[in-house]
Asker: 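I have a structure I would like to understand better, so I am pasting it below and will then ask my questions one at a time.
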Amino acid sequence: MPQDVVLVSDKSIVHEAMGAFPELSQLLVELAELEPLIHGETADPIALERYSHLHSELHDASYESKQAQTKQMLAGLGFKQESFDTPVSSLSVGWKMRLILAKLLLQQADFYLFDEPTNHLDLIAKDWFAEFLCNASFWIYSCFP
């Protein structure tokens with residue numbers, strides 16, 4: 001986890017957090033590129049077939065489950081549901097650090113190395129983070145007291 005904020009993005013909070021799943025991000029980009037080609041009377045049948053295939057791939061990759069997991073992670077770190085569509089560029093440094101932390105945790109790495117990860121967290125988010133780490137499916141050296 002970086003000590004300084006290195007997050008520059010015009011995406012929404014939830015879309016930036018979903019960047020923790022790069023395989024899904026690429027599918028969503030391609031879907032967005034195909035959308036103009038599949039509407040109307042002159043819809044491209046090849047694009048329509050590819051669009052359908054991409055939706056099948058999203059389903060197979062558990063997109064909806066990962067999106068729900070992302071929203072739950074953001075909520076645990078103090079983001080309000082009504083702010084999920086807010087652009088990242090409008091966030092303060094502290095909230096950007098929370099978003100970076102969410103993306104790291106969503107990656108479900110085998111190993112995390114944190115140096116003062118709670119600097120930008122309020123008490124509620126600190127408690128949630130400690131509980132998350134203690135209940136995570138990976139072994140940790142110690143839990144917060």
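For this chain, numbers begin at 1 and follow the sequence in order.
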Asker: Within this structure, what is the CZ-CG distance for the pair F132 and L101, rounded to the nearest 0.5 Å?
Answerer: 8.5 Å
Asker: Taking only residues two or more places apart in sequence or in another chain, which ones pass side chain to side chain contact (heavy atoms under 4.5 Å, CB included) with D122?
Answerer: R98, I124, A125
Asker: Test side-chain contact (heavy atoms from CB on, under 4.5 Å) on V8 and S89 and set out the steps.
Answerer: CA-CA 7 Å; V8 178; S89 59; over 6 Å; no
Asker: Holding to ring-ring contact (aromatic ring centres under 6.0 Å, His included), I want the full list of residues that pass it with Y63, two or more places apart in sequence or in another chain.
Answerer: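 Scan of Y63 (ring-ring contact (aromatic ring centres under 6.0 Å, His included), adjacent residues dropped) gives none.
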Asker: Taking it one step at a time, do F79 and L99 satisfy side-chain contact (heavy atoms from CB on, under 4.5 Å)?
Answerer: CA-CA 9 Å; F79 289 93; L99 183 51; 4.2 Å; yes
Asker: So, taking the atom named NE2 in H39 and the one named CG in L48, what distance separates them when rounded to the nearest 0.5 Å?
Answerer: 9.5 Å
Asker: Check whether more than 12 heavy atoms from other residues, nucleotides or ligands sit under 6.0 Å from atom CD of Q107, and answer yes or no.
Answerer: yes
Asker: How long is the gap from NZ on K96 to OG on S90, to the nearest 0.5 Å?
Answerer: 8.5 Å
Asker: Supply the atom-to-atom distance L123 CG to W128 CH2, rounded to the nearest 0.5 angstrom.
Answerer: 14.5 Å
Asker: Take I38 and D44 through the test side-chain contact (heavy atoms from CB on, under 4.5 Å) and record every step on the way to the result.
Answerer: CA-CA 6 Å; I38 64 169; D44 180 352; over 6 Å; no
Asker: Between L54 and L58, does a side-chain contact (heavy atoms from CB on, under 4.5 Å) hold up when you go through it step by step?
Answerer: CA-CA 6 Å; L54 289 171; L58 280 175; 5.8 Å; no
Asker: Look only at the side chain of S83 and the backbone of K80, and say whether a donor-acceptor pair between them is shorter than 3.5 Å.
Answerer: yes
Asker: If every non-hydrogen atom of V88 is compared with every non-hydrogen atom of L7, which pair is closest and at what distance?
Answerer: CG1-CD2, 3.8 Å
Asker: Only distances under 3.5 Å count here; give the side-chain donor-acceptor pairs of residues 16-35 to other protein atoms, sequence neighbours excluded, each with its distance to 0.1 Å.
Answerer:
unit_1, atom_1, unit_2, atom_2, d
E16, OE1, S9, OG, 2.7
E16, OE2, K103, NZ, 2.6
E23, OE2, K66, NZ, 3.2
E30, OE1, R50, NH2, 3.1
E30, OE2, R50, NE, 2.7
E30, OE2, R50, NH2, 3.2
E35, OE2, Y51, OH, 3.0

Asker: Would you call I13 and D85 a side-chain contact if the rule is heavy atoms closer than 4.5 Å?
Answerer: no
Asker: Between E57 and H53, does the side chain to side chain donor-acceptor pair (under 3.5 Å) criterion hold? Intermediate values first, please.
Answerer: CA-CA 6 Å; E57 285 186 43; H53 179 73; 2.7 Å; yes
Asker: Enter the distance from L105:CG to I100:CD1 here, rounded to the nearest 0.5 Å.
Answerer: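 Going from the CG atom of L105 to the CD1 atom of I100 covers 12.0 Å.
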Asker: More than 12 heavy atoms of other residues, nucleotides or ligands under 6.0 Å from CG of D10: is that the case?
Answerer: no
Asker: Can you name the closest pair of heavy atoms from F84 and S12 and give their distance?
Answerer: O-CB, 3.6 Å
